[in-house]
Amino acid sequence: EPYRRQRQMCIRDRNYTGSNSVNGLGVIGTAYGEFGNININNLTLNGNKKVSRVGFISKSYVNDYRDINLSGVTISGTNRLGSLYGEGDTYYLTTIDVVDTIVSGTGDYVGGLIGYKHDNSSQKHFYITASNVNVTTTGGNYSGIVYGYGAALNVTVKDSSVSGNNLVGGVGGRQDTDSVSQNRLTNVNVSGKGSQIGGIYGYHDSLYNSSIKDSTISGGTSQVGGISGYGGWSIYNCSVINTIISSPNATSVGGIEGLDWDGNRYNNYVYNTSIEGKSYVGGLVGNKNGTPASRHYDNFINASIKANDTGAGGILGYYQNNLEEENVRRVRLDGNIIASSTITSKDATGGLIGAMYKPTDSSLNLFHDNLIAVSITTTGTNKSNGIIVGTSDLYIKGVSPSYVYNQSKINNLLAQNIVSGLNESITFVSAANMKNQTLMKSYVGQSSNYNYQQVEKGYYPYNGAQDASPVSYTHL
């Protein structure tokens with residue numbers, strides 16, 4: 001008989017083992033109704049890497065979960081694995097704490113709390129904390145420290161890890177709700193072998209007011225990002241701080257996102273972060289592709305950006321603008337600050353954009369009012385580079401100006417001494433200029449998203465992203 005309501009329960013020191021090819025292993029097989037004030041301690045559910053749908057509840061149709069504590073839970077099986085439930089629907093879930101938990105599988109939908117939450121944007125999950133939760137899956141798609149497939153607001157994750165294949169995230173492999181905020185991660189390790197690897201979600205929808213700090217994101221073959229690997233909709237007010245993104249064999253690697261299909265990216269903050277990929281590596285986005293026009297503005301980037309092959313840029317690693325005139329695959333870049341950053345690749349190394357498909361249509365005026373303070377190094381034999389666009393600064397000829405710190409360098413030479421014929425599109429500015437609040441505001445298009453109060457003291461303006469703070473000049 002399925003459980004239909006449970007208002008109080010304590011489970012302690014239980015160990016269950018599943019037999020071969022069983023579809024479901026749990027203290028409770030199927031549950032409905034409401035569950036609250038549940039404490040689960042030292043529970044082991046051993047599916048021997050042969051059992052699917054493993055969790056405290058194997059299959060959940062519970063409408064309301066609240067005040068659930070899980071500690072010392074160990075789950076193993078094939079797919080659809082989670083310490084609370086393996087698979088199901090939950091309209092409302094809140095105040096959940098999961099600590100000292102291990103979940104390991106071999107297939108799809110593996111999460112520290114929930115394996116597979118059926119896709120339903122109307123479901124509301126809030127206030128989840130996870131600490132010392134370690135999730136691994138050797139194959140398949142969708143794995144995360146909290147969800148394999150699912151998302152929540154007000155999530156806190158620390159001292160935890162996830163290792164998977166495709167669609168791997170620090171919170172979840174796939175965000176399933178239209179909008180998510182207040183996801184905050186500290187000291188997490190996210191690694192994947194395939195595609196769509198993200199610090200918070202592997203694949204995102206609208207995501208804002210969230211951050212990841214003191215963490216490592218690694219591996220993958222494509223679409224790796226500090227916040228998300230890939231997705232649509234917008235990312236804004238998000239931060240990546242003191243983090244390493246190390247994907248030396250991957251294409252489309254970014255400080256915020258790997259591959260950007262549509263939506264805007266604005267008011268994001270990347271600080272003291274190392275970003276490495278094979279090709280198309282950007283401080284904000286690795287590869288801007290997709291169909292609709294979008295705008296990336298008021299982002300702050302302070303990073304070491306490296307493409308082991310081609311295409312490294314302070315904002316975009318690659319801009320595929322082949323249909324720019326048709327308002328397709330078009331992006332506007334303005335109000336961005338690339339602050340005291342180093343950018344390196346074998347070819348197509350640029351302060352704003354690395355590789356670019358073709359020269360922009362200057363009448364569109366897509367790139368303007370950006371502040372760039374960088375050191376660019378191109379190591380390959382072709383040595384294509386530019387202070388704005390790595391393919392060639394001539395690609396932005398005729399566009400309104402962006403502003404470049406006059407000590408910025410290209411292969412150890414001052415950029416202002418080697419960039420010529422682009423006075424209408426590039427204006428070089430001094431340290432004294434950058435300490436003038438009025439001038440600094442003009443360099444980023446009078447943006448109201450920045451705080452300029454400490455400019456005179458030698459700090460860059462900083463935006464309103466989650467956990468953003470002033471960054472002092474470290475002149476190159």
Side-chain angles (χ1 to χ4, degrees), residues 70-71 73 82-83 96-105 110-115 127-137 142-175 180-193 196-204 207 209-220 223-229 235 238-247 250 253-258 268-276 303 465-467:
L70 301 108
S71 177
V73 178
S83 60
I96 311 297
D97 190 22
V98 52
V99 299
D100 301 332
T101 289
I102 298 171
V103 180
S104 57
V110 179
L113 180 70
I114 293 170
Y127 300 109
I128 299 170
T129 62
S131 177
N132 193 28
V133 175
N134 297 287
V135 175
T136 60
T137 182
Y142 308 112
S143 55
I145 293 168
V146 179
Y147 297 90
Y149 190 108
L153 289 79
N154 301 98
V155 178
T156 301
V157 180
K158 64 179 182 178
D159 305 330
S160 298
S161 68
V162 58
S163 176
N165 190 30
N166 300 307
L167 290 142
V168 184
V171 173
R174 170 64 158 92
Q175 178 187 337
V180 163
S181 66
Q182 297 298 333
N183 283 201
R184 306 182 74 167
L185 291 78
T186 305
N187 190 31
V188 301
N189 191 319
V190 178
S191 64
K193 294 181 289 186
Q196 297 181 27
I197 318 300
I200 300 181
Y201 292 97
Y203 181 103
H204 75 91
L207 179 58
N209 290 355
S210 296
S211 65
I212 182 168
K213 300 179 182 179
D214 305 322
S215 296
T216 300
I217 301 152
S218 61
Q223 300 171 37
V224 182
I227 297 295
S228 177
I235 299 176
C238 289
S239 296
V240 178
I241 299 172
N242 299 332
T243 288
I244 296 171
I245 303 170
S246 178
S247 298
V253 180
I256 293 293
E257 183 179 26
N268 298 295
Y269 178 88
V270 177
Y271 171 68
N272 193 32
T273 288
S274 172
I275 309 163
E276 180 185 9
Q466 189 80 47
D467 300 320

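We're numbering straight along the sequence, starting at 1.
- Proximity of Gln466 to Ser239: side-chain heavy atoms (C-beta onward) are separated by under 4.5 Å at one or more points.
- The OH atom of Tyr201 lies 11.0 Å from the CZ atom of Arg174; values are rounded to the nearest 0.5 Å.
- Side-chain contact check for Val98 versus Val73: every heavy-atom pair is 4.5 Å or farther apart.
- Note that OG of Ser181 is 6.0 Å distant from CG of Asn154, once rounded to the nearest 0.5 Å.
- Between Tyr142 and Gly148 the shortest heavy-atom distance is CB-O, 3.4 Å.
- Considering CD1 of Ile200 and CZ of Arg184, their distance stands at 10.5 Å, rounded to 0.5 Å.
- The local environment of NZ in Lys193 is crowded, with over 12 non-hydrogen atoms from other residues, nucleotides or ligands closer than 6.0 Å.
- Put simply, the side chain of Ser247 never gets that close to the backbone of Ser218: no donor and acceptor are under 3.5 Å apart.
- Side-chain contact between Ile245 and Val224 is present, with at least one heavy-atom pair separated by less than 4.5 Å.
- Closest non-hydrogen pair, Val253 versus Glu276, comes out as CG1-O, 3.8 Å.
- Using a distance-only test at 3.5 Å, with no hydrogens or angles considered, no donor-acceptor pair links the side chain of Thr136 to the main chain of Ser163.
- Taking 4.5 Å as the limit, every side-chain heavy atom of Thr137 sits out of range of all side-chain heavy atoms of Asn165.
- In this structure, Ser160 contributes its side chain and Val188 its backbone to no donor-acceptor pair below 3.5 Å.
- Atom CG in Leu70 sits 7.5 Å away from atom CD1 in Ile96 (nearest 0.5 Å).
- Separation of atoms CG (Leu185) and CG (Asp214) is listed at 11.5 Å; rounding is to 0.5 Å.
- Looking at heavy atoms from C-beta onward, His204 lies out of side-chain contact with Ile227 at the 4.5 angstrom threshold.
- Here the closest non-hydrogen pair linking Ile197 and Gly192 is CD1-CA, 3.7 Å.
- Minimum heavy-atom separation, Gly169 to Val162: O-CG1, 3.5 Å.
- Across every non-hydrogen atom of Ile145 and Gly170, the tightest pair is CB-O, 3.0 Å.
- For the side chain to side chain contact (heavy atoms under 4.5 Å, CB included) with Val135, the lone residue among Leu113, Val110, Val190 that qualifies is Val110.
- Ala152 approaches Tyr147 most closely through the heavy-atom pair CB-OH, 3.4 Å.
- Two residues are said to be in side-chain contact when any heavy atoms from C-beta on lie closer than 4.5 Å; Leu153 and Gln182 fail this criterion.
- Checking side-chain atoms of Asn268 against main-chain N and O of Cys238 turns up a donor-acceptor pair under 3.5 Å.
- The shortest distance between side-chain heavy atoms of Ile217 and Ile212 falls below 4.5 Å.
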Self-check item: Asn132 and Asp159: CA distance, side-chain angles, deciding distance, side-chain hydrogen bond (donor to acceptor under 3.5 Å, both in side chains) verdict
Solution: CA-CA 5 Å; Asn132 193 28; Asp159 305 330; over 6 Å; no
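- For the residue pair Asp97/Thr129, the side-chain donor-acceptor check at 3.5 Å is satisfied.
- Summarising the geometry, atom OG1 belonging to Thr273 is positioned 6.5 Å from atom CG belonging to Asn242; distances are rounded to the nearest 0.5 Å.
- At distances below 3.5 Å, at least one donor-acceptor pair connects side-chain atoms of Ser215 with backbone N or O atoms of Asn187.
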